Enquirer: 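Below is the structure I would like to discuss, written out as structure tokens.
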Amino acid sequence: MPAGLFGEDATPPAPRLDAAFYVQVAVERGVDAEPRGFTYAVPEGVPSLGDLGVGDRVTVPLGRGDKPVQGFVVAVSDDPPAGVEAAKIKPVRGRLGLAVKLPADLVGLAGWMSRYYACPIGMTLATMLPASVKHGTGVSVRRSYRAAEGKRGSGEAEKRGSQQKTTKLQRAILESAGAGWVERKELLERAGAKTAGPLQKLLEAGRLEERSEEVVTGNLDAVAPPEADAAQRLEPAQRDAVNAIVSRFGSFHVDLLHGVTGSGKTEVYLQAIAKLRELEPQACVLVLVPEIALTPQTVGRFAARFGGSSGPGAAGVAVLHSGLTPGQRHAHWRRVSEGTSRIVIGARSAVFAPLPRLDLVIVDEEHDTGYKQDQLPRYHGRDVAIKRAAMAAGGRGCPVVLGSATPALESYARALPGKRRSEEAKKSGSQAGWSLLSLPDRVAGAKLPRVEVVDLARERRERKGVHLLSRRLEAAIAETLDGGGQVVLLLNRRGYANYIACPDAGCGWLLTCDHCDALGVYHRHDHVPAGRTERVSASGFRLPKGNVRCHHCGAERRLPTHCPDSGHKLSVFGMGTQRTEEELIRKFPGLLSGGGSAAGAASVTRMDADAMRSAADYQRALAGFVSGETEVLLGTQMIAKGLDVANVRLVGVVSADTALNLPDFRAAERTFQLIAQVAGRAGRGRDPGTVIVQTLVPEDATIASATRHDYAGFAERELGIREEAGLPPFTRMARVVCRDLNRRKAEAAIGAVHAELVAADAALGTGVAVTPPAPCAIERVADHFRFDLRMTGADAGAIQKLLAAVRSAGHLTSNAAMAVDVDPVSMY
DNA sequence: AGCACGCCGACT
DNA sequence: GTCGGCGTGCTC
């Protein structure tokens with residue numbers, strides 16, 4: 001600046017900050033300050049800020065009002081980066097959570113996620129650190145004391161000390177404390193002091209020294225104490241798989257472990273981990289499972305093999321999932337961060353476990369859509385895990401094992417050596433580092449269950465009345481129960497009935513939600529006071545009272561009795577788990593509902609989101625089924641996962657068609673997965689068991705493949721269809737949804753995004769196809785109108801390039817009005 | 001995401 | 001004449 005410019009009337013220059021150094025801060029706001037956050041100055045001579053580093057949390061002033069906001073340090077530099085006006089740089093206000101910081105490798109991962117999923121980096125970082133860790137839940141300060149070092153103490157303390165008289169209690173405390181550190185509580189006990197008063201006096205007088213340390217008190221009992229669980233003898237295919245995984249140690253590689261249900265995938269994980277720990281005792285392992293609260297059996301096996309998290313000197317398994325109390329979560333997090341627990345098992349968010357190093361990543365049930373987060377940041381746990389593994393060990397990487405009986409076609413296509421490999425895999429060739437490991441058979445000579453198909457259309461023609469259970473299924477249930485076996489029944493639809501309609505064909509009125517473009521679902525009250533029933537159904541059922549619910553917005557209302565248009569009495573039809581339960585009890589009067597309500601009684605337990613309000617409900621229901629107290633387990637897809645009960649001899653799929661008709665290109669894949677997974681619950685013991693699949697379309701190729709346990713055949717055909725249609729996994733997809741209370745605004749917003757995307761694609765030559773905007777399959781949800789568009793590119797890079805351009809120009813935002821979903825798993 | 005600034009309707 | 005509606009734009 002030229003000298004003399006600032007005369008008396010001119011604005012004085014902003015005083016130059018005496019900055020020791022500068023930090024880039026990603027603020028925990030929706031501020032899309034990609035890629036590097038904002039620059040702040042670290043003032044000279046502030047001791048608590050002197051060693052600020054990547055991953056530390058700070059408070060910084062933001063905006064015109066200098067509103068203090070929290071953020072993460074993502075980079076440190078001696079000088080501010082070029083292009084940032086020096087006058088704009090503000091100083092860091094303070095530091096947060098001295099004991100806790102995010103490991104630098106996670107900060108790097110957040111950078112990748114922020115770019116890949118088009119999400120503000122500050123929000124990405126914020127989701128990596130559990131709230132309980134942020135807030136320091138369950139942290140208490142442990143204070144210990146020792147006698148000050150006698151005469152050597154100089155000046156003040158000495159003087160004040162001599163001014164005061166030493167009471168008897170104070171002398172006792174001084175003696176008890178001695179030269180070593182003694183904890184507060186113990187010290188007072190030893191000295192026989194009832195209050196801390198004398199101790200405080202000594203402290204003030206400088207005759208005692210105090211030391212304090214943070215202790216996380218949250219209990220670690222969430223991991224069951226180890227039971228005996230010896231390594232099992234491996235089948236040849238399992239041994240090959242373990243050997244293959246072991247051969248990858250030390251560098252990045254992805255193995256897709258495709259093993260049929262009951263083929264012993266978990267044992268493969270366990271033995272691979274054991275081998276890794278033999279070779280490298282400090283090795284750290286990350287194990288992801290779809291929803292850990294629902295898989296206590298898996299966690300138990302890991303804990304049994306490698307030690308639980310509680311008990312003396314336990315160095316074993318930590319768990320991180322939503323079922324923990326905040327204190328427990330914090331405690332587990334700390335143990336992981338300190339390197340005390342080197343094996344972490346957890347749900348999606350456990351991919352951010354603060355392990356000090358990473359040597360092996362396992363993603364169990366990798367096809368599960370629960371890995372995809374449906375809120376910001378919309379990441380896929382499996383894909384982030386793979387990226388984290390690739391970035392591990394300073395870029396050298398570590399191996400990943402993806403396990404499933406029904407792999408996602410995205411994974412299968414990359415791992416498959418043959419012709420159906422996706423373009424991406426072909427392009428990068430064998431260095432892509434994906435391979436397929438197969439466990440084609442169940443362990444110990446067990447056989448996959450027999451699968452029968454029942455044609456529901458025919459059943460309806462030949463039989464009067466409403467029957468959710470066909471004659472064949474009913475007979476099989478009777479036979480199984482008579483023989484002392486247990487039954488699993490799957491129906492992937494909650495409630496009693498999903499159509500509430502006018503029986504007059506000429507009227508055709510259907511009850512829909514007032515706030516959504518969706519049908520109301522009739523739910524009975526689960527606990528109806530005795531004798532309170534209400535005649536509703538045209539077919540003559542006496543129904544207990546209930547409500548109509550919308551499964552999209554949660555709105556609830558009373559069940560109307562008459563059609564508002566024609567005045568006819570309404571009828572209720574369609575199928576749901578509650579209705580299946582009712583029919584089951586009607587047809588098997590010996591069964592009692594409510595799982596174990598009456599001691600020793602044979603019973604049916606319904607397991608769906610309505611009946612299972614908490615993880616504890618689920619654990620209880622599961623325990624009842626494992627113990628044999630519950631004979632029939634009926635539920636939605638939550639019963640299809642991981643359940644391993646030897647006495648299950650019959651699995652019934654009440655309707656295989658529920659997922660088949662969804663407006664989603666993955667409908668067939670979902671259907672295959674659901675049938676194959678639930679069928680896998682049968683025949684875990686000696687008897688291979690039977691599976692009965694009810695469907696209106698018995699000739700459907702997907703259902704036929706599932707009945708033959710033919711994943712490869714299904715995949716071959718479905719991949720052919722996907723390739724033909726230019727769908728994933730042969731392409732990559734991203735989706736933008738705009739929503740607004742005002743329909744025209746939502747439409748205008750998506751139109752603007754569409755124009756920007758099309759223009760950017762033309763300018764950059766990314767070759768990404770952008771669909772014209774269209775109303776979503778369910779256009780209105782909770783009074784908001786929704787429009788979407790889809791982008792399809794040859795590979796992830798093309799989509800990324802396009803998104804980055806439009807995003808940095810400010811035309812893509814992630815907020816309540818607009819959502820960007822990269823690699824969407826749900827299309828409606 | 002917040003929060004401030006700014007330009008158009010119903011009150012003292 | 002003002003208070004305040006929420007549309008728009010910016011945050012080192």
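The shown structure was predicted, so the numbers you read here are calculated from the model rather than taken from an experiment.
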Enquirer: Rounded to the nearest 0.5 Å, how far does CG of A:Asn815 lie from CZ of A:Arg739?
Expert: 10.0 Å
Enquirer: Calculate, to the nearest 0.5 Å, the distance between atoms SG and CD belonging to A:Cys119 and A:Gln375 respectively.
Expert: 11.5 Å
Enquirer: Say whether A:Thr59 and A:Gln70, considering side chains only, have a donor N or O and an acceptor N or O under 3.5 Å apart.
Expert: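 No pair is found: no donor N or O on one side chain lies under 3.5 Å from an acceptor on the other.
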Enquirer: First locate atom CZ of A:Arg95, then atom CG of A:Asp51, and finally report the distance between them rounded to the nearest 0.5 Å.
Expert: 4.5 Å
Enquirer: For DNA chain C, note the earliest and the latest nucleotide, 5' to 3', having some atom under 4.0 Å of a heavy atom belonging to chain A.
Expert: C:dG9 to C:dC12
Enquirer: Under 4.0 Å between any heavy atoms, over every strand shown, what does A:Gly63 touch: base, sugar-phosphate, or nothing? Just pick one.
Expert: sugar-phosphate
Enquirer: Taking atom CG of A:Asp364 and atom CG of A:Leu288, what is their separation to the nearest 0.5 Å?
Expert: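 Reported value, rounded in 0.5 Å steps: 9.5 Å.
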Enquirer: Is the closest basic N to carboxylate O distance between A:Arg93 and A:Asp66 below 4.0 Å?
Expert: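 No.
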Enquirer: Determine the contact category for A:Pro80: base if any of its heavy atoms lies under 4.0 Å from a base atom, sugar-phosphate if only primed atoms, P, OP1 or OP2 are that close, otherwise nothing.
Expert: nothing
Enquirer: Less than 6.0 angstrom separating the ring centers of A:Tyr379 and A:Phe352, yes or no?
Expert: yes
Enquirer: Name every residue in residues 814-821 of chain A that has at least one heavy atom under 4.0 Å from any atom of DNA chain C, in order of residue number, or write none if there are no such residues.
Expert: none
Enquirer: Go through DNA chain B in 5' to 3' direction and return only the first and the last nucleotide with some atom under 4.0 Å of chain A's heavy atoms.
Expert: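 Footprint of chain A along DNA chain B, 5' to 3': B:dA1 to B:dC3.
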Enquirer: Step through it carefully: locate the ring centre of A:His321, locate the ring centre of A:His332, and say whether they are under 6.0 Å apart.
Expert: no
Enquirer: Kindly say whether A:Gly767 contributes a backbone atom to a donor-acceptor pair with the side chain of A:Asp761 at under 3.5 angstrom?
Expert: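 Yes; judged by distance alone, with no hydrogens or angles, the pair exists.
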Enquirer: With no hydrogens and no angle check, is any side-chain donor or acceptor of A:Asp56 less than 3.5 Å from a backbone partner on A:Leu52?
Expert: no
